[in-house]
Amino acid sequence: MDKFIIRGGKSLSGEISVSGAKNAVLPIMAATLLAEGRSVLTNVPSLNDIKSMAHLLRVIGARIDYSEESLKIDAKDVCFPEAPYELVSKMRASVWVLGPLLARLGKAKVSFPGGCAIGTRPVDLHLMAMEKLGAVIEIKHGYIHATAEKLIGADIHFENVSVGATINAMMAAVKAEGITNITNAAAEPEVAATAEFLNKMGAKITGVGTSHLIIEGVNELFPVGAEMIPDRIEAGTFLLAGAITKSKITVTNCIPEHIQSLIDKMKQAGCKFEIKDKSITLIPAQKIKPVNMIANPYPAFPTDLQAQFLAYMCLAEGSCSIEDKVFPDRFMHVAELNRLQADIRIQNKVALINGVKLMSGAPVMATDLRASAALVLAGLAAEGETEIARIYHIDRGYDHIETKLQGIGADIERVSS
Ligand code: UD1
(Lines give C-alpha, C1' and ligand atoms only; values in the text may rest on other atoms or scores of the structure.)
Protein backbone atom coordinates (compact mmCIF):
# COMPACT_ATOMS: atom_id res chain seq x y z
CA MET A 1 0.00 0.00 0.00
CA ASP A 2 1.33 3.42 -0.96
CA LYS A 3 1.43 6.42 1.31
CA PHE A 4 2.20 10.10 0.88
CA ILE A 5 4.92 11.92 2.79
CA ILE A 6 4.36 15.66 2.75
CA ARG A 7 6.79 18.18 4.17
CA GLY A 8 4.53 21.15 4.69
CA GLY A 9 4.83 24.88 5.03
CA LYS A 10 6.25 25.47 1.54
CA SER A 11 4.94 28.12 -0.84
CA LEU A 12 3.55 26.96 -4.16
CA SER A 13 3.72 28.78 -7.49
CA GLY A 14 3.02 28.29 -11.18
CA GLU A 15 0.39 26.51 -13.24
CA ILE A 16 -1.42 23.28 -12.51
CA SER A 17 -3.62 21.58 -15.06
CA VAL A 18 -6.94 19.82 -14.50
CA SER A 19 -7.75 16.39 -15.97
CA GLY A 20 -11.06 15.10 -17.32
CA ALA A 21 -13.93 14.68 -14.85
CA LYS A 22 -14.18 11.17 -13.41
CA ASN A 23 -17.81 11.74 -12.47
CA ALA A 24 -18.68 12.61 -16.06
CA VAL A 25 -16.59 9.83 -17.62
CA LEU A 26 -18.14 7.06 -15.49
CA PRO A 27 -21.79 7.62 -16.51
CA ILE A 28 -20.78 8.35 -20.09
CA MET A 29 -18.96 4.99 -20.17
CA ALA A 30 -22.24 3.37 -19.07
CA ALA A 31 -24.12 5.37 -21.71
CA THR A 32 -21.96 3.91 -24.50
CA LEU A 33 -23.72 0.58 -23.83
CA LEU A 34 -26.79 2.08 -25.51
CA ALA A 35 -25.27 2.00 -29.01
CA GLU A 36 -24.10 -0.95 -31.08
CA GLY A 37 -20.64 0.16 -32.10
CA ARG A 38 -17.48 1.94 -31.01
CA SER A 39 -17.56 5.19 -29.05
CA VAL A 40 -14.39 7.15 -28.37
CA LEU A 41 -13.93 9.31 -25.27
CA THR A 42 -11.00 11.72 -24.98
CA ASN A 43 -9.58 13.75 -22.06
CA VAL A 44 -10.12 10.69 -19.87
CA PRO A 45 -8.12 10.74 -16.61
CA SER A 46 -5.96 7.82 -15.55
CA LEU A 47 -7.81 6.60 -12.47
CA ASN A 48 -8.63 3.38 -10.71
CA ASP A 49 -12.38 4.09 -10.85
CA ILE A 50 -12.22 4.35 -14.63
CA LYS A 51 -10.33 1.03 -14.72
CA SER A 52 -13.02 -0.53 -12.50
CA MET A 53 -15.79 0.66 -14.81
CA ALA A 54 -13.83 -0.58 -17.85
CA HIS A 55 -13.54 -3.97 -16.14
CA LEU A 56 -17.31 -4.05 -15.57
CA LEU A 57 -18.10 -3.13 -19.18
CA ARG A 58 -15.76 -5.90 -20.34
CA VAL A 59 -17.63 -8.38 -18.14
CA ILE A 60 -20.86 -7.21 -19.80
CA GLY A 61 -19.36 -7.90 -23.23
CA ALA A 62 -17.91 -4.59 -24.41
CA ARG A 63 -14.44 -4.35 -25.90
CA ILE A 64 -12.30 -1.63 -24.37
CA ASP A 65 -9.06 0.04 -25.28
CA TYR A 66 -7.86 2.51 -22.61
CA SER A 67 -4.66 4.39 -23.28
CA GLU A 68 -3.22 7.91 -23.32
CA GLU A 69 -6.30 9.75 -22.06
CA SER A 70 -8.47 8.04 -24.65
CA LEU A 71 -11.02 5.33 -24.11
CA LYS A 72 -12.49 3.34 -26.96
CA ILE A 73 -15.56 1.31 -26.07
CA ASP A 74 -17.07 -1.08 -28.56
CA ALA A 75 -20.47 -2.11 -27.22
CA LYS A 76 -21.54 -4.12 -30.29
CA ASP A 77 -21.53 -7.49 -28.53
CA VAL A 78 -23.04 -6.55 -25.20
CA CYS A 79 -24.79 -9.71 -24.08
CA PHE A 80 -24.25 -10.40 -20.35
CA PRO A 81 -26.43 -7.90 -18.45
CA GLU A 82 -24.92 -8.40 -15.03
CA ALA A 83 -22.93 -6.25 -12.60
CA PRO A 84 -21.45 -8.69 -10.06
CA TYR A 85 -21.03 -8.01 -6.35
CA GLU A 86 -17.20 -7.96 -6.51
CA LEU A 87 -17.30 -4.97 -8.87
CA VAL A 88 -20.25 -3.02 -7.43
CA SER A 89 -18.90 -3.32 -3.90
CA LYS A 90 -15.66 -1.76 -5.16
CA MET A 91 -17.38 1.11 -6.92
CA ARG A 92 -20.97 2.29 -6.49
CA ALA A 93 -21.02 3.97 -9.90
CA SER A 94 -21.38 0.43 -11.31
CA VAL A 95 -25.10 0.81 -10.65
CA TRP A 96 -25.18 3.10 -13.71
CA VAL A 97 -25.27 0.10 -16.03
CA LEU A 98 -28.83 -0.59 -14.84
CA GLY A 99 -30.58 2.01 -17.02
CA PRO A 100 -28.61 1.37 -20.24
CA LEU A 101 -28.88 -2.44 -19.93
CA LEU A 102 -32.64 -2.25 -19.39
CA ALA A 103 -32.97 0.03 -22.41
CA ARG A 104 -30.75 -2.09 -24.63
CA LEU A 105 -31.48 -5.67 -23.55
CA GLY A 106 -34.69 -5.40 -21.52
CA LYS A 107 -33.05 -6.90 -18.47
CA ALA A 108 -30.32 -6.30 -15.93
CA LYS A 109 -29.01 -7.93 -12.79
CA VAL A 110 -27.02 -5.56 -10.63
CA SER A 111 -25.61 -6.23 -7.19
CA PHE A 112 -27.24 -4.10 -4.52
CA PRO A 113 -24.59 -1.55 -3.48
CA GLY A 114 -23.68 -1.47 0.20
CA GLY A 115 -22.95 1.57 2.36
CA CYS A 116 -19.70 3.44 2.14
CA ALA A 117 -17.54 5.75 4.23
CA ILE A 118 -19.66 8.82 3.47
CA GLY A 119 -23.08 7.41 4.38
CA THR A 120 -25.68 4.70 3.78
CA ARG A 121 -26.33 5.79 0.17
CA PRO A 122 -29.52 3.94 -0.85
CA VAL A 123 -30.61 3.35 -4.48
CA ASP A 124 -34.37 3.62 -3.93
CA LEU A 125 -34.65 6.60 -6.29
CA HIS A 126 -32.90 4.71 -9.10
CA LEU A 127 -35.32 1.81 -8.66
CA MET A 128 -38.38 4.07 -8.43
CA ALA A 129 -37.43 5.67 -11.74
CA MET A 130 -36.98 2.30 -13.47
CA GLU A 131 -40.38 1.14 -12.16
CA LYS A 132 -42.04 4.33 -13.38
CA LEU A 133 -40.64 3.58 -16.84
CA GLY A 134 -42.30 0.15 -16.72
CA ALA A 135 -39.57 -2.11 -15.39
CA VAL A 136 -40.33 -4.87 -12.91
CA ILE A 137 -37.84 -4.86 -10.06
CA GLU A 138 -37.14 -7.70 -7.66
CA ILE A 139 -34.48 -7.81 -4.99
CA LYS A 140 -33.15 -11.33 -4.44
CA HIS A 141 -30.00 -12.61 -2.74
CA GLY A 142 -28.36 -9.17 -2.72
CA TYR A 143 -29.11 -8.46 -6.38
CA ILE A 144 -31.47 -6.08 -8.17
CA HIS A 145 -33.23 -8.02 -10.94
CA ALA A 146 -34.85 -5.67 -13.43
CA THR A 147 -36.85 -6.67 -16.49
CA ALA A 148 -38.88 -4.70 -19.01
CA GLU A 149 -40.41 -5.96 -22.24
CA LYS A 150 -40.72 -2.36 -23.23
CA LEU A 151 -39.90 0.91 -21.45
CA ILE A 152 -42.57 3.57 -21.63
CA GLY A 153 -42.08 7.31 -21.02
CA ALA A 154 -43.35 8.54 -17.65
CA ASP A 155 -43.38 11.46 -15.22
CA ILE A 156 -40.59 10.92 -12.70
CA HIS A 157 -40.33 13.23 -9.72
CA PHE A 158 -37.41 12.85 -7.33
CA GLU A 159 -38.14 13.70 -3.68
CA ASN A 160 -34.42 14.41 -3.17
CA VAL A 161 -31.96 15.61 -5.75
CA SER A 162 -29.85 12.63 -6.82
CA VAL A 163 -27.07 12.79 -9.40
CA GLY A 164 -26.97 9.02 -9.78
CA ALA A 165 -30.72 8.46 -10.05
CA THR A 166 -31.17 11.35 -12.51
CA ILE A 167 -28.49 9.88 -14.77
CA ASN A 168 -29.84 6.32 -14.54
CA ALA A 169 -33.39 7.51 -15.30
CA MET A 170 -32.17 9.56 -18.24
CA MET A 171 -30.18 6.65 -19.70
CA ALA A 172 -33.24 4.37 -19.57
CA ALA A 173 -35.73 7.00 -20.78
CA VAL A 174 -33.82 7.92 -23.94
CA LYS A 175 -35.04 4.68 -25.53
CA ALA A 176 -38.47 4.51 -23.84
CA GLU A 177 -41.58 4.93 -25.97
CA GLY A 178 -42.98 8.47 -25.66
CA ILE A 179 -42.13 11.38 -23.42
CA THR A 180 -40.46 11.29 -19.99
CA ASN A 181 -40.46 14.27 -17.66
CA ILE A 182 -37.89 14.23 -14.87
CA THR A 183 -38.56 16.87 -12.22
CA ASN A 184 -36.31 17.89 -9.35
CA ALA A 185 -33.52 16.46 -11.50
CA ALA A 186 -29.89 17.00 -10.54
CA ALA A 187 -28.34 19.87 -12.52
CA GLU A 188 -24.68 19.04 -11.82
CA PRO A 189 -22.33 19.66 -14.78
CA GLU A 190 -21.64 15.90 -14.93
CA VAL A 191 -25.38 15.23 -15.43
CA ALA A 192 -25.46 17.86 -18.17
CA ALA A 193 -22.35 16.36 -19.79
CA THR A 194 -24.00 12.93 -19.82
CA ALA A 195 -27.19 14.40 -21.33
CA GLU A 196 -25.16 16.17 -24.02
CA PHE A 197 -23.34 12.94 -24.80
CA LEU A 198 -26.67 11.10 -25.11
CA ASN A 199 -27.98 13.83 -27.42
CA LYS A 200 -24.87 13.44 -29.55
CA MET A 201 -25.73 9.73 -29.76
CA GLY A 202 -29.15 10.68 -31.12
CA ALA A 203 -31.24 11.08 -27.97
CA LYS A 204 -33.71 13.92 -27.61
CA ILE A 205 -33.25 15.51 -24.19
CA THR A 206 -34.20 19.12 -23.52
CA GLY A 207 -33.77 21.17 -20.35
CA VAL A 208 -30.15 20.02 -20.08
CA GLY A 209 -28.46 21.65 -17.07
CA THR A 210 -31.81 22.45 -15.39
CA SER A 211 -33.92 20.60 -12.81
CA HIS A 212 -36.58 19.67 -15.40
CA LEU A 213 -35.51 17.27 -18.12
CA ILE A 214 -37.86 16.38 -20.97
CA ILE A 215 -36.90 13.28 -22.90
CA GLU A 216 -38.51 12.13 -26.13
CA GLY A 217 -37.71 8.44 -26.62
CA VAL A 218 -35.95 7.33 -29.82
CA ASN A 219 -35.59 3.86 -31.36
CA GLU A 220 -31.86 3.86 -31.91
CA LEU A 221 -28.71 5.50 -30.59
CA PHE A 222 -25.37 5.64 -32.37
CA PRO A 223 -21.74 5.45 -31.20
CA VAL A 224 -19.95 8.80 -31.10
CA GLY A 225 -16.70 10.50 -30.13
CA ALA A 226 -16.60 13.17 -27.42
CA GLU A 227 -14.16 15.09 -25.25
CA MET A 228 -14.80 14.83 -21.52
CA ILE A 229 -15.33 18.00 -19.45
CA PRO A 230 -12.63 19.04 -16.95
CA ASP A 231 -12.97 17.93 -13.34
CA ARG A 232 -14.43 20.78 -11.27
CA ILE A 233 -13.62 19.00 -8.01
CA GLU A 234 -9.97 18.62 -8.95
CA ALA A 235 -9.89 22.29 -10.03
CA GLY A 236 -11.41 23.32 -6.70
CA THR A 237 -8.98 21.15 -4.75
CA PHE A 238 -6.03 22.84 -6.49
CA LEU A 239 -7.40 26.34 -5.81
CA LEU A 240 -7.69 25.39 -2.16
CA ALA A 241 -4.10 24.04 -2.23
CA GLY A 242 -3.01 27.54 -3.26
CA ALA A 243 -5.26 29.19 -0.69
CA ILE A 244 -4.24 27.04 2.27
CA THR A 245 -0.53 27.61 1.56
CA LYS A 246 -1.19 31.30 0.82
CA SER A 247 0.37 30.89 -2.62
CA LYS A 248 -0.47 32.50 -5.93
CA ILE A 249 -1.16 29.73 -8.46
CA THR A 250 -2.99 29.33 -11.75
CA VAL A 251 -5.33 26.42 -12.40
CA THR A 252 -5.58 25.69 -16.12
CA ASN A 253 -7.89 23.61 -18.33
CA CYS A 254 -10.94 24.21 -16.14
CA ILE A 255 -14.43 25.67 -16.54
CA PRO A 256 -14.59 28.51 -13.99
CA GLU A 257 -18.40 28.72 -13.90
CA HIS A 258 -18.57 25.11 -12.69
CA ILE A 259 -16.95 26.16 -9.40
CA GLN A 260 -18.57 29.56 -8.95
CA SER A 261 -19.91 28.58 -5.52
CA LEU A 262 -16.38 27.77 -4.31
CA ILE A 263 -14.98 30.97 -5.81
CA ASP A 264 -17.69 32.97 -3.99
CA LYS A 265 -16.82 31.35 -0.64
CA MET A 266 -13.09 31.83 -1.19
CA LYS A 267 -13.74 35.52 -1.98
CA GLN A 268 -15.55 35.82 1.36
CA ALA A 269 -12.45 34.32 2.97
CA GLY A 270 -10.42 37.13 1.38
CA CYS A 271 -9.07 35.52 -1.81
CA LYS A 272 -9.02 37.32 -5.14
CA PHE A 273 -9.20 35.80 -8.61
CA GLU A 274 -8.22 36.55 -12.18
CA ILE A 275 -10.61 34.48 -14.24
CA LYS A 276 -10.15 33.73 -17.94
CA ASP A 277 -12.03 31.44 -20.29
CA LYS A 278 -10.36 28.24 -19.11
CA SER A 279 -8.05 29.26 -16.30
CA ILE A 280 -8.22 30.77 -12.85
CA THR A 281 -5.40 32.61 -11.10
CA LEU A 282 -5.73 32.72 -7.33
CA ILE A 283 -4.39 35.62 -5.30
CA PRO A 284 -4.66 34.14 -1.82
CA ALA A 285 -5.83 35.84 1.36
CA GLN A 286 -2.93 36.39 3.75
CA LYS A 287 -5.42 36.60 6.65
CA ILE A 288 -8.05 33.93 6.14
CA LYS A 289 -11.52 35.09 7.21
CA PRO A 290 -13.83 32.42 8.65
CA VAL A 291 -16.75 31.57 6.33
CA ASN A 292 -19.81 29.46 7.15
CA MET A 293 -20.72 26.99 4.44
CA ILE A 294 -23.53 24.51 3.69
CA ALA A 295 -22.99 21.93 0.95
CA ASN A 296 -26.07 21.38 -1.21
CA PRO A 297 -26.86 20.22 -4.78
CA TYR A 298 -25.52 22.26 -7.73
CA PRO A 299 -25.26 25.18 -8.23
CA ALA A 300 -24.72 25.41 -4.46
CA PHE A 301 -21.43 24.42 -2.83
CA PRO A 302 -20.52 20.81 -3.78
CA THR A 303 -20.33 18.10 -1.14
CA ASP A 304 -17.25 16.79 -2.96
CA LEU A 305 -15.35 19.97 -1.95
CA GLN A 306 -16.71 20.14 1.59
CA ALA A 307 -13.78 18.29 3.21
CA GLN A 308 -11.18 20.35 1.35
CA PHE A 309 -12.88 23.66 2.22
CA LEU A 310 -13.14 22.53 5.83
CA ALA A 311 -9.38 21.89 5.86
CA TYR A 312 -8.88 25.46 4.59
CA MET A 313 -11.12 26.92 7.30
CA CYS A 314 -8.97 25.22 9.97
CA LEU A 315 -6.51 28.09 9.45
CA ALA A 316 -9.09 30.91 9.47
CA GLU A 317 -8.73 33.73 11.97
CA GLY A 318 -11.92 33.02 13.93
CA SER A 319 -14.72 30.44 14.06
CA CYS A 320 -17.16 29.12 11.50
CA SER A 321 -19.54 26.24 10.83
CA ILE A 322 -19.81 23.76 7.98
CA GLU A 323 -22.78 21.52 7.16
CA ASP A 324 -23.35 18.97 4.43
CA LYS A 325 -26.99 18.61 3.39
CA VAL A 326 -26.14 16.07 0.67
CA PHE A 327 -24.28 13.60 2.92
CA PRO A 328 -24.98 14.88 6.45
CA ASP A 329 -22.51 12.45 8.09
CA ARG A 330 -19.64 13.10 5.72
CA PHE A 331 -17.14 14.19 8.38
CA MET A 332 -14.68 11.29 8.56
CA HIS A 333 -11.85 13.75 7.84
CA VAL A 334 -12.51 15.72 11.04
CA ALA A 335 -10.82 13.30 13.45
CA GLU A 336 -7.78 13.09 11.16
CA LEU A 337 -7.56 16.89 10.77
CA ASN A 338 -7.68 17.17 14.56
CA ARG A 339 -4.64 14.87 14.66
CA LEU A 340 -2.89 17.67 12.75
CA GLN A 341 -3.93 19.98 15.62
CA ALA A 342 -6.92 21.52 13.95
CA ASP A 343 -9.72 22.44 16.35
CA ILE A 344 -13.01 21.03 15.03
CA ARG A 345 -15.95 19.41 16.77
CA ILE A 346 -19.14 17.96 15.38
CA GLN A 347 -22.39 18.94 17.03
CA ASN A 348 -25.76 17.85 15.58
CA LYS A 349 -24.20 17.09 12.22
CA VAL A 350 -22.55 20.52 12.02
CA ALA A 351 -18.76 20.95 12.03
CA LEU A 352 -17.77 23.82 14.31
CA ILE A 353 -14.29 25.04 13.50
CA ASN A 354 -12.10 27.26 15.62
CA GLY A 355 -9.29 28.44 13.41
CA VAL A 356 -5.73 27.72 14.60
CA LYS A 357 -2.54 29.63 13.71
CA LEU A 358 -0.72 26.57 12.44
CA MET A 359 -1.40 22.88 11.96
CA SER A 360 1.29 20.41 12.82
CA GLY A 361 2.34 17.40 10.69
CA ALA A 362 1.48 13.90 11.95
CA PRO A 363 0.68 10.42 10.62
CA VAL A 364 -2.96 10.29 9.44
CA MET A 365 -5.17 7.91 7.53
CA ALA A 366 -7.25 8.55 4.42
CA THR A 367 -10.82 7.31 4.83
CA ASP A 368 -12.43 8.20 1.51
CA LEU A 369 -11.62 10.00 -1.68
CA ARG A 370 -12.35 13.63 -0.79
CA ALA A 371 -11.29 13.21 2.84
CA SER A 372 -7.87 12.16 1.51
CA ALA A 373 -7.70 15.34 -0.56
CA ALA A 374 -8.47 17.38 2.57
CA LEU A 375 -5.58 15.68 4.38
CA VAL A 376 -3.22 16.44 1.49
CA LEU A 377 -4.21 20.12 1.67
CA ALA A 378 -3.77 20.21 5.44
CA GLY A 379 -0.40 18.44 5.08
CA LEU A 380 0.79 21.05 2.57
CA ALA A 381 0.08 23.82 5.08
CA ALA A 382 1.10 22.04 8.29
CA GLU A 383 4.46 22.52 9.87
CA GLY A 384 6.71 19.45 9.59
CA GLU A 385 6.01 16.04 8.09
CA THR A 386 2.59 14.54 7.44
CA GLU A 387 2.34 10.91 6.46
CA ILE A 388 -0.96 9.89 4.83
CA ALA A 389 -1.72 6.16 4.75
CA ARG A 390 -4.28 4.36 2.55
CA ILE A 391 -3.94 6.75 -0.38
CA TYR A 392 -5.55 4.20 -2.68
CA HIS A 393 -8.66 6.27 -1.94
CA ILE A 394 -7.12 9.32 -3.59
CA ASP A 395 -5.96 7.29 -6.60
CA ARG A 396 -9.63 6.55 -7.33
CA GLY A 397 -10.32 10.17 -8.18
CA TYR A 398 -7.17 12.27 -8.63
CA ASP A 399 -4.94 11.68 -11.65
CA HIS A 400 -1.31 11.69 -10.39
CA ILE A 401 -2.04 14.33 -7.76
CA GLU A 402 1.46 14.18 -6.26
CA THR A 403 3.16 14.74 -9.64
CA LYS A 404 0.86 17.67 -10.37
CA LEU A 405 1.46 19.22 -6.95
CA GLN A 406 5.23 18.69 -7.25
CA GLY A 407 4.96 20.72 -10.49
CA ILE A 408 3.90 23.78 -8.48
CA GLY A 409 6.55 23.28 -5.81
CA ALA A 410 4.93 21.01 -3.23
CA ASP A 411 7.17 18.70 -1.25
CA ILE A 412 5.08 15.55 -1.56
CA GLU A 413 6.32 12.08 -2.26
CA ARG A 414 4.68 8.68 -2.83
CA VAL A 415 6.27 5.87 -0.88
CA SER A 416 5.45 2.17 -1.24
CA SER A 417 5.31 0.32 2.02
C1 UD1 B 1 -22.58 11.40 -7.04
C2 UD1 B 1 -21.07 11.52 -7.12
C3 UD1 B 1 -20.48 11.86 -5.76
C4 UD1 B 1 -21.16 13.10 -5.19
C5 UD1 B 1 -22.67 12.96 -5.21
C6 UD1 B 1 -23.40 14.25 -4.82
C7 UD1 B 1 -20.31 10.02 -8.85
C8 UD1 B 1 -19.63 8.75 -9.20
N9 UD1 B 1 -20.51 10.26 -7.56
O10 UD1 B 1 -22.87 10.31 -6.15
O11 UD1 B 1 -19.09 12.09 -5.92
O12 UD1 B 1 -20.75 13.31 -3.86
O13 UD1 B 1 -23.13 12.61 -6.54
O14 UD1 B 1 -23.04 15.30 -5.64
O15 UD1 B 1 -20.64 10.81 -9.69
N16 UD1 B 1 -30.06 9.17 -2.34
C17 UD1 B 1 -31.18 8.49 -1.93
N18 UD1 B 1 -31.68 7.52 -2.75
C19 UD1 B 1 -31.11 7.21 -3.95
C20 UD1 B 1 -29.98 7.92 -4.36
C21 UD1 B 1 -29.47 8.91 -3.53
O22 UD1 B 1 -31.72 8.74 -0.85
O23 UD1 B 1 -31.62 6.32 -4.64
C24 UD1 B 1 -29.49 10.23 -1.46
C25 UD1 B 1 -28.04 9.94 -1.05
O26 UD1 B 1 -27.99 9.09 0.07
C27 UD1 B 1 -27.53 11.34 -0.77
C28 UD1 B 1 -28.26 12.19 -1.82
O29 UD1 B 1 -29.39 11.43 -2.22
O30 UD1 B 1 -27.91 11.76 0.52
C31 UD1 B 1 -27.44 12.53 -3.02
O32 UD1 B 1 -26.84 11.37 -3.57
P33 UD1 B 1 -26.55 11.23 -5.12
O34 UD1 B 1 -26.63 12.58 -5.75
O35 UD1 B 1 -27.38 10.16 -5.67
O36 UD1 B 1 -25.04 10.77 -5.10
P37 UD1 B 1 -24.34 9.73 -6.08
O38 UD1 B 1 -24.96 9.82 -7.43
O39 UD1 B 1 -24.26 8.42 -5.41
Side-chain angles (χ1 to χ4, degrees), residues 23-24 26-28 30-31 34 92-104 106 108 110 112-113 118-139 144-199 203-218 221 261 294-304 323-328 330:
N23 288 357
L26 292 173
I28 287 172
L34 286 160
R92 282 180 54 84
S94 311
V95 82
W96 273 325
V97 298
L98 181 62
L101 287 176
L102 260 180
R104 169 108 181 246
V110 176
F112 207 89
I118 65 175
T120 48
R121 301 184 82 178
V123 287
D124 55 320
L125 299 174
H126 297 243
L127 303 186
M128 177 277 283
M130 298 305 137
E131 282 178 332
K132 284 264 179 185
L133 292 168
V136 176
I137 307 277
E138 268 189 290
I139 313 284
I144 302 160
H145 295 257
T147 47
E149 261 175 40
K150 174 157 114 174
L151 293 172
I152 298 178
D155 288 341
I156 301 171
H157 178 76
F158 290 119
E159 281 295 311
N160 301 318
V161 177
S162 163
V163 169
T166 302
I167 288 176
N168 234 339
M170 209 165 56
M171 292 193 292
V174 284
K175 284 191 79 186
E177 190 181 295
I179 306 283
T180 297
N181 273 287
I182 306 181
T183 48
N184 203 23
E188 269 68 2
E190 296 77 19
V191 180
T194 308
E196 273 160 17
F197 184 82
L198 289 165
N199 280 346
K204 292 187 176 167
I205 308 174
T206 51
V208 174
T210 75
S211 59
H212 184 177
L213 299 167
I214 302 158
I215 303 167
E216 188 186 332
V218 295
L221 292 167
S261 57
I294 302 179
N296 258 314
Y298 191 83
F301 196 98
T303 173
D304 285 351
E323 266 180 89
D324 194 324
K325 298 278 193 197
V326 181
F327 294 109
R330 190 177 199 174

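- Atoms CD and CG, on E323 and N296 in that order, are 9.0 Å from each other to the nearest 0.5 Å.
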Steps toward side-chain contact (heavy atoms from CB on, under 4.5 Å) verdict (L221, V174): CA-CA 9 Å; L221 292 167; V174 284; 3.8 Å; yes
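- Residues V208 and N199 have side chains in contact (heavy-atom distance under 4.5 Å, counting atoms from C-beta outward).
- With values rounded to the nearest 0.5 angstrom, I139 atom CD1 is found 8.5 Å from H145 atom NE2.
- Side-chain contact between E190 and I28: absent, with no pair of heavy atoms (C-beta onward) separated by less than 4.5 Å.
- To the nearest 0.5 Å, atom CD1 of residue I214 and atom OG1 of residue T206 are 4.0 Å apart.
- Within the model, atoms CG of L151 and CZ of R104 stand 14.0 Å from one another, a figure rounded to the nearest 0.5 Å.
- S94 places none of its side-chain heavy atoms less than 4.5 Å from the side chain of V110.
- Between the CG atom of N181 and the NZ atom of K132 there is a distance of 11.5 Å, given to the nearest 0.5 Å.
- Annotation for L125 and S162: closest pair CD1-CB, 3.8 Å, computed over non-hydrogen atoms.
- Atom CD1 of I167 is separated from atom OG1 of T194 by 4.0 Å, given to the nearest 0.5 angstrom.
- In this structure the side chain of I182 reaches within 4.5 angstrom of the side chain of I215, judged on heavy atoms.
- At least one side-chain heavy atom of S261 sits under 4.5 Å from a side-chain heavy atom of P302.
- Between L127 and L98, the closest side-chain pair of non-hydrogen atoms falls below 4.5 Å.
- W96 places a side-chain N or O within 3.5 Å of a backbone atom of G164 that can act as its donor or acceptor partner.
- Pairing each heavy atom of T166 with each of A186, the nearest pair is OG1-N, 3.1 Å.
- Residues I205 and L198 have side chains in contact (heavy-atom distance under 4.5 Å, counting atoms from C-beta outward).
- What you find for G134 and A148 is that their closest heavy atoms are O-CB, 4.3 Å.
- In terms of heavy atoms, A31 sits closest to F197 at CB-CD2, 4.2 Å.
- Here the closest heavy-atom approach between residue M171 and residue A30 is recorded as CE-CB, 4.1 Å.
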H126 and N168: CA distance, side-chain angles, deciding distance, side chain to side chain donor-acceptor pair (under 3.5 Å) verdict: CA-CA 6 Å; H126 297 243; N168 234 339; 3.0 Å; yes
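- With sequence neighbours excluded, no residue satisfies salt bridge (charged side-chain N to carboxylate O under 4.0 Å, His left out) with E188.
- When every heavy atom of P113 is checked against every heavy atom of V95, the shortest pair comes out as CG-CG2, 4.4 Å.
- The stretch residues 164-181 participates, sequence neighbours left out, in these salt bridge (Lys or Arg N to Asp or Glu O under 4.0 Å) pairs: K150-E177.
- Under a 3.5 Å cut-off, the side chain of N184 and the backbone N or O of H157 do not form any donor-acceptor pair.
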Worked check of side-chain contact (heavy atoms from CB on, under 4.5 Å) between I156 and M128: CA-CA 8 Å; I156 301 171; M128 177 277 283; 4.2 Å; yes
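- The closest donor-acceptor contact from the side chain of D324 to the backbone of I294 lies at 3.5 Å or more, if one exists at all.
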